[in-house]
Amino acid sequence: MDAPTATTAGPAAQDDAQEDPTVHILWINAGLSCDGDSVSLTAATQPSIEELALGALPGLPKVAVHWPLIDFECGPVEGADNFVEWFFKADRGELEPFVLVVEGSIPNERVKPEGYWCGFGDDPQTGQPITTSEWLDRLAPKALAVVAIGTCATYGGIHAMAGNPTGAMGVPDYLGWEWKSQAGIPIVCIPGCPVHPDNASETLLYLLYQAAGAAPMIPLDEELRPTWLFGATVHEGCDRAGYYEQGQFATEYGSPECLVKLGCWGPVVKCNVPKRGWINGVGGCPNVGGICIACTMPGFPDKFMPFMDEPPGGHVSATASGIYGSVIRRLRNITARTVDKEPKWRGRSEELTTGYKAPW
Ligand code: SF4
Ligand code: SF4
C-alpha cells in the first residue's frame with residue numbers, strides 16, 4: 001500500500017488499489033532554473049492547481065501531484081514519507097500512469113571530468129546525487145507523457161546562452177525532437193519565462209483528459225508547442241496594435257502607444273499572453289507597458305538581444321506604418337468627426353424630417 005502523499009495529492013494518491021487508475025504528475029524542478037514556472041503555476045485560474053489536484057473538474061481522472069514547491073513530505077531516503085520515493089517508485093515501474101513534468105534546462109554532464117551540474121535526490125546504493133539527466137534517462141521511457149515547462153526546459157533559455165559553461169539545453173535537445181512516449185505522445189513544450197500560469201495548467205488539464213480517453217492527441221506545432229496556445233503572435237493580440245497600424249509609436253515609457261521603437265518584438269513572437277492577460281485575465285506584457293522580449297521563442301535570449309533596441313525590421317515596418325498610418329489617421333479623423341454626431345433629423349422641430357413616407 002502506498003503511503004499517503006502530500007496535500008497536493010489529495011485523497012487520490014491513496015487509491016492505487018482501487019479500480020480507477022490514479023494519474024500521477026511527477027514534477028522535477030531540478031533542471032537549471034529559477035523555479036519561476038512553479039511559482040507561476042500557483043497563480044493559475046483556468047484551471048487552478050487546486051482544481052487539478054483535487055479532481056474538481058468533470059471527467060478528470062484521479063490525480064496525484066508530486067510537486068516539490070508545496071509538497072511537505074521530507075522523510076529519509078527510502079522512507080515511506082520521502083518525497084523522492086515517488087520518483088523511485090516510478091523508476092521501478094510501480095507508478096503507472098504518470099506524467100513527467102520537467103522544469104529547468106538540462107546541463108550537459110559530459111563536458112567536464114568530475115562533479116555534476118544539477119541533480120535531484122541521492123542514489124541509496126552509492127549515496128551520490130542522481131543527476132537530472134539521469135532521472136530523464138530513467139523516467140522518460142516509462143512516462144505517459146513528458147512535459148517541458150518554461151523556456152529553460154523547452155529550449156534551454158537563459159542558461160543555454162552563448163558562452164555558458166554547462167552546455168545547457170532543453171528537453172527536446174536532450175531526448176531528441178522526434179522522441180515519443182510509450183503512449184505515442186511527443187514531448188509537450190510550454191515555453192515562457194516564466195510559463196504563463198494558465199497555459200501550464202490548461203495543458204496539464206488537456207493531457208489528463210487525454211489520459212482519461214476524453215480528448216484526442218494533443219495538437220502540437222513544429223516546436224512542440226500546443227497549437228491553440230501558440231498559434232498567434234503577441235502583436236495580433238496586443239492592446240496597442242491599433243496604434244501600430246496608425247503609425248503612432250511611443251518614444252518613452254508611460255505612453256499608451258505602440259512600443260516597437262522601444263524594443264518590442266511582438267510582431268514576430270508566438271505568445272498568447274497579451275490576449276489572455278497574465279493573472280485571471282489581467283496584465284500581459286505590452287498591454288501594461290512592457291516590451292515583448294520574446295521569452296517564449298526557441299531563439300531566446302540570444303537572437304533578441306540587446307533587448308531595449310528597436311528590433312531589426314522594426315524600423316522598416318514602423319516607417320512604412322508611419323507613412324500609411326498618418327494618411328489613414330487623417331481620413332479616420334474625418335470619419336470619426338462625422339460619426340461622433342447625432343443624425344440631423346433628431347430635434348423638436350414642427351416638421352418631421354426623418355424621411356418617413358406615410359404609406360396611405
Ligand atoms: S507594443 Fe509590440 S505587440 Fe503591441 S502593437 Fe506594438 S509592436 Fe505590436
Ligand atoms: S509577451 Fe513577450 S515577453 Fe511577454 S510572455 Fe509573451 S513572449 Fe514573453
Side-chain angles (χ1 to χ4, degrees), residues 33-34 36-37 39-41 43-44 148-158 161 170 189-203 221 223 225-226 228-322 324-325 328-329:
S33 86
C34 65
D37 306 301
V39 174
S40 181
L41 190 58
I149 199 157
T151 299
C152 296
T154 53
Y155 310 126
I158 299 278
M161 286 178 73
C189 288
I190 327 170
C193 189
V195 70
H196 183 282
D198 296 324
N199 284 353
S201 64
E202 190 177 297
T203 305
D221 68 14
E223 305 303 320
R225 299 168 287 212
W228 77 94
L229 296 175
F230 293 91
T233 64
V234 170
H235 190 66
E236 285 160 347
C238 179
D239 282 357
R240 297 169 189 253
Y243 287 106
Y244 181 99
E245 193 238 358
Q246 292 180 168
Q248 293 171 289
F249 303 105
T251 51
E252 57 185 25
Y253 289 99
S255 158
E257 295 172 331
C258 168
L259 303 170
V260 74
K261 287 185 179 294
L262 296 177
C264 183
W265 279 88
V268 292
V269 170
K270 291 181 177 172
C271 172
N272 63 349
V273 159
K275 197 84 172 170
R276 185 160 214 174
W278 191 259
I279 297 177
N280 210 9
V282 178
C285 309
N287 291 355
V288 288
I291 58 170
C292 171
I293 58 170
C295 76
T296 57
M297 297 295 276
F300 177 81
D302 303 66
K303 291 190 178 178
F304 303 96
M305 293 171 68
F307 288 137
M308 312 303 265
D309 283 3
E310 189 174 357
H315 183 68
V316 176
S317 62
T319 304
S321 166
Y324 157 89
I328 288 294
R329 220 162 50 241

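Counting from 1, the numbers follow the sequence of the chain as shown. For the numbers below, each heavy atom of this structure counts, side chains included, while hydrogens, waters and symmetry mates do not. In each ligand, atom 1 is the first atom listed, and ligand 1 is the first ligand listed.
The two residues Asp198 and Ala44 make their nearest non-hydrogen contact at OD1-CA, 3.4 Å.
With ligand atoms numbered from 1 in the order given, ligand 2 contributes 5 (S), 6 (Fe) to contacts under 4.0 Å with heavy atoms of Val273. For ligand 2, the atoms closer than 4.0 angstrom to any heavy atom of Cys285 are 1 (S), 3 (S), 4 (Fe), 5 (S). Numbered from 1 in the order shown, with element, the atoms of ligand 2 that lie under 4.0 Å from a heavy atom of Thr296 read 7 (S). Near Val269, with a cut-off below 4.0 Å to any heavy atom, the atoms of ligand 2 are 7 (S).
Tyr155 places a side-chain N or O within donor-acceptor distance of the main-chain N or O of Glu223, the cut-off being under 3.5 Å. The backbone N or O of Gly36 lies less than 3.5 Å from no partner atom in the side chain of Ser40, so there is not a single donor-acceptor pair. Put simply, the side chain of Thr154 gets close to the backbone of Thr151: a donor and an acceptor are under 3.5 Å apart. Not a single donor-acceptor pair under 3.5 Å links the side chain of Arg225 to the backbone N or O of Cys189.
Under the rule for a side-chain contact (heavy atoms from CB on, under 4.5 Å), Ala241 has no partner lying at least two apart in sequence or in another chain. Legend: residues meeting side-chain contact (heavy atoms from CB on, under 4.5 Å) with Ala200, ordered by chain and number and at least two apart, are Leu41, Ile149, Val195.
Pairs passing the ring pair (Phe, Tyr, Trp, His ring centres under 6.0 Å) check and including a residue from residues 267-290, sequence neighbours excluded, read His196-Trp278.
By the criterion of a heavy-atom distance under 4.0 Å, both the backbone and the side chain of Cys295 are placed next to ligand 2.
In terms of protein heavy-atom proximity, atom 3 (S) of ligand 2 is closest to Ile293 N, 3.4 Å. Nearest protein neighbour of atom 6 (Fe) of ligand 2, counting heavy atoms only, is Cys271 SG, 2.4 Å.
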Item to complete: Please lay out, stage by stage, how Cys238 and Asn287 fare under the test side chain to side chain contact (heavy atoms under 4.5 Å, CB included).
Response: CA-CA 6 Å; Cys238 179; Asn287 291 355; 4.1 Å; yes
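The number of protein N, O or S atoms lying under 2.8 Å from atom 2 (Fe) of ligand 1 is 1.
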